[in-house]
Amino acid sequence: MSNVIKIEATSKTPMVHFDPSTGSLEIKGRSIPENSVEFYKPLMDALDKYAQSPKAETIVKVQLEYFNTSSSKCILDFFKKLESMNNKGTKVTVNWYYEEDDEDMQEAGEDYQTIINLPFQMHVVKE
Amino acid sequence: MEEIYDIYSRMEKNNILLSFKGDITSDLLTSILQIMESKMDSMNEEPKLKKKVYNVLVECLQNLYHHMEEYDNEFDQNNRSAIFMIGKKKEEIGYEIYTGNYILNENIKSVKERLDKVNSLSKDQLKEYYLSVLNNGEISEKGGGGLGMIEIARKSGEKINYNFLQINNKISFFTLQINVTLSKKVV
């Protein structure tokens, strides 16, 4: 039975792809829904399940163009979940992508890095 | 009929690109964002400014959206509407965003305190405040739990102008004016 989460992007929500069988997780696009908690719930639930028997490595890719403040809370909770499972059967790496001239998104990544105790790798995306 | 021209000329004077009065729904929000995005694209606006304006628009419109919901049961249908306007600045490269919605008089104090606090902080202090609210604040069903105003202030880089116009002993009309410019003057 596969527990893959695959949500297509919309104008307000990002593409979410999580494959527990490989430990790869990707969030990409815009995250500006009115109700972010509801949007992120399936992913959060899947992570709780995954944490019980994770892969040796969990590779997370986050590439956001925009996110609203209600998503920023959810993204923090998402990172906190990853933080709590790190070194408990899995090694978590977060890859944060931002566009070359997007200082705000670079800063947002750095902000999360100061709050969350996880290895962050920052990547510049050339337009 | 002259009223129409009156409304038109006032909007023309303020360079209004888009305005809306009514119930702010999720679909309407999507449409406004799409229209403004393509307008800014067609005006060849700098990506940096476009992103800031877009971010502020999202927070402003979602503020209206959530707060109208909140008062759904408090007011009659007439009072459930809000106003939103966005204009292009003439003297500088940037935009002015206006919002207006009804607020219960008993809630004015806390909103005013939050605005005054945000307006009193420097850029670095705003960032610090944002991170502390993000990390310690309660997550609410409605949204960011107080992060919206801080984010608006951060992206705007200027003071947020506001006003409360008392309508009766129960409600007031709450207006916000937010400037988003690229070349903000350092005071």
Side-chain angles (χ1 to χ4, degrees), chain A residues 9-14 29-41 43-44 63-84 97-118 120 124-127, chain B residues 24-35 37-38 46-69 123-124 126-128 130-155 157:
Chain A
T10 71
S11 61
K12 279 186 186 163
T13 55
R30 297 179 175 197
S31 185
I32 53 165
E34 285 86 38
N35 191 337
S36 304
V37 177
E38 189 182 272
F39 175 77
Y40 284 99
K41 196 173 183 302
L43 176 63
M44 299 297 200
Q63 184 174 348
L64 291 169
E65 190 190 353
Y66 292 109
F67 63 87
N68 60 359
T69 50
S70 79
S71 296
S72 71
K73 283 267 187 196
C74 293
I75 295 164
L76 179 68
D77 288 346
F78 163 72
F79 284 142
K80 281 187 172 167
K81 241 182 229 310
L82 292 167
E83 185 185 35
S84 70
Y97 293 81
Y98 60 94
E99 280 180 16
E100 206 172 2
D101 61 349
D102 196 346
E103 288 157 23
D104 287 346
M105 202 50 79
Q106 180 184 359
E107 197 182 347
E110 289 163 0
D111 287 349
Y112 281 120
Q113 213 171 340
T114 62
I115 302 176
I116 299 294
N117 185 21
L118 279 176
F120 263 71
V124 180
V125 181
K126 303 233 161 149
E127 279 168 275
Chain B
I24 308 279
T25 62
S26 175
D27 285 343
L28 180 87
L29 221 143
T30 309
S31 305
I32 291 178
L33 292 171
Q34 270 163 2
I35 292 169
E37 203 174 19
S38 63
E46 273 212 42
K48 236 180 231 172
L49 179 63
K50 242 173 61 186
K51 289 206 163 166
K52 283 195 196 297
V53 172
Y54 194 87
N55 271 307
V56 172
L57 275 178
V58 168
E59 297 303 329
C60 284
L61 291 167
Q62 292 187 344
N63 261 348
L64 291 177
Y65 173 84
H66 289 304
H67 290 288
M68 291 213 307
E69 250 188 0
K123 189 174 180 278
D124 289 343
L126 275 173
K127 180 188 165 125
E128 214 173 287
Y130 181 93
L131 290 178
S132 87
V133 174
L134 175 68
N135 205 14
N136 306 317
E138 285 285 298
I139 188 153
S140 77
E141 283 290 306
K142 300 213 164 194
L147 279 174
M149 249 355 134
I150 311 172
E151 179 69 1
I152 290 170
R154 284 184 83 188
K155 290 277 148 60

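Since the model is a prediction, treat every value here as computed from it, not as a measurement. Chain letters run A, B, ... following the sequence lines, proteins first and then strands; every chain starts at 1. In what follows, every heavy atom counts, from backbone to side chain, and hydrogens, waters and symmetry copies are set aside.
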Validation row: B:Lys127, A:Asp111 side chains within 4.5 angstrom (heavy atoms): yes

Contact winner vs chain A - B:Gln34, B:Glu151, B:Lys48, heavy-atom pairs under 4.5 Å: B:Lys48

Under the side-chain hydrogen bond (donor to acceptor under 3.5 Å, both in side chains) test, residues paired with A:Glu83 that sit two or more places apart: none

Audit row: B:Leu33, A:Ile32, side-chain contact (heavy atoms from CB on, under 4.5 Å) steps and yes/no: CA-CA 11 Å; B:Leu33 292 171; A:Ile32 53 165; 3.8 Å; yes

For the student: nearest non-hydrogen atoms of A:Tyr112 and B:Leu134, plus distance: CE2-CD2, 4.1 Å

Verdict with supporting geometry, A:Arg30 and B:Glu37, salt bridge (Lys or Arg N to Asp or Glu O under 4.0 Å): CA-CA 13 Å; A:Arg30 297 179 175 197; B:Glu37 203 174 19; 2.5 Å; yes

B:Leu57 CG to A:Asn68 CG distance, which is reported to the nearest 0.5 Å: 13.0 Å

Rounded distance (nearest 0.5 Å) linking atom CD1 of B:Ile152 with atom OG1 of A:Thr69: 8.0 Å

Selection from B:Leu61, B:Val58, B:Leu131 maximising heavy-atom pairs under 4.5 Å formed with chain A: B:Leu131

A:Glu34 and B:Ser26 side chains, donor-acceptor separation under 3.5 Å: yes

Gap between atom NZ of B:Lys51 and atom CG of A:Asp101 - 0.5 Å precision: 6.5 Å

Side chain, backbone, both or neither of A:Asp104 within contact of chain B (heavy atoms, under 4.5 Å): side chain

Segment of A:Ile115 engaging chain B (4.5 angstrom heavy-atom cut-off): side chain

Rounded distance [0.5 Å steps], OG in A:Ser71 versus CG in B:Leu147: 11.0 Å

Salt bridge present between B:Arg154 and A:Glu107 (N-O < 4.0 angstrom): yes

Test log, rule side-chain contact (heavy atoms from CB on, under 4.5 Å), inputs A:Lys80 and B:Asn135: CA-CA 10 Å; A:Lys80 281 187 172 167; B:Asn135 205 14; 3.0 Å; yes

Results of salt bridge (charged side-chain N to carboxylate O under 4.0 Å, His left out) for A:Glu38 - residues two or more places apart only: none

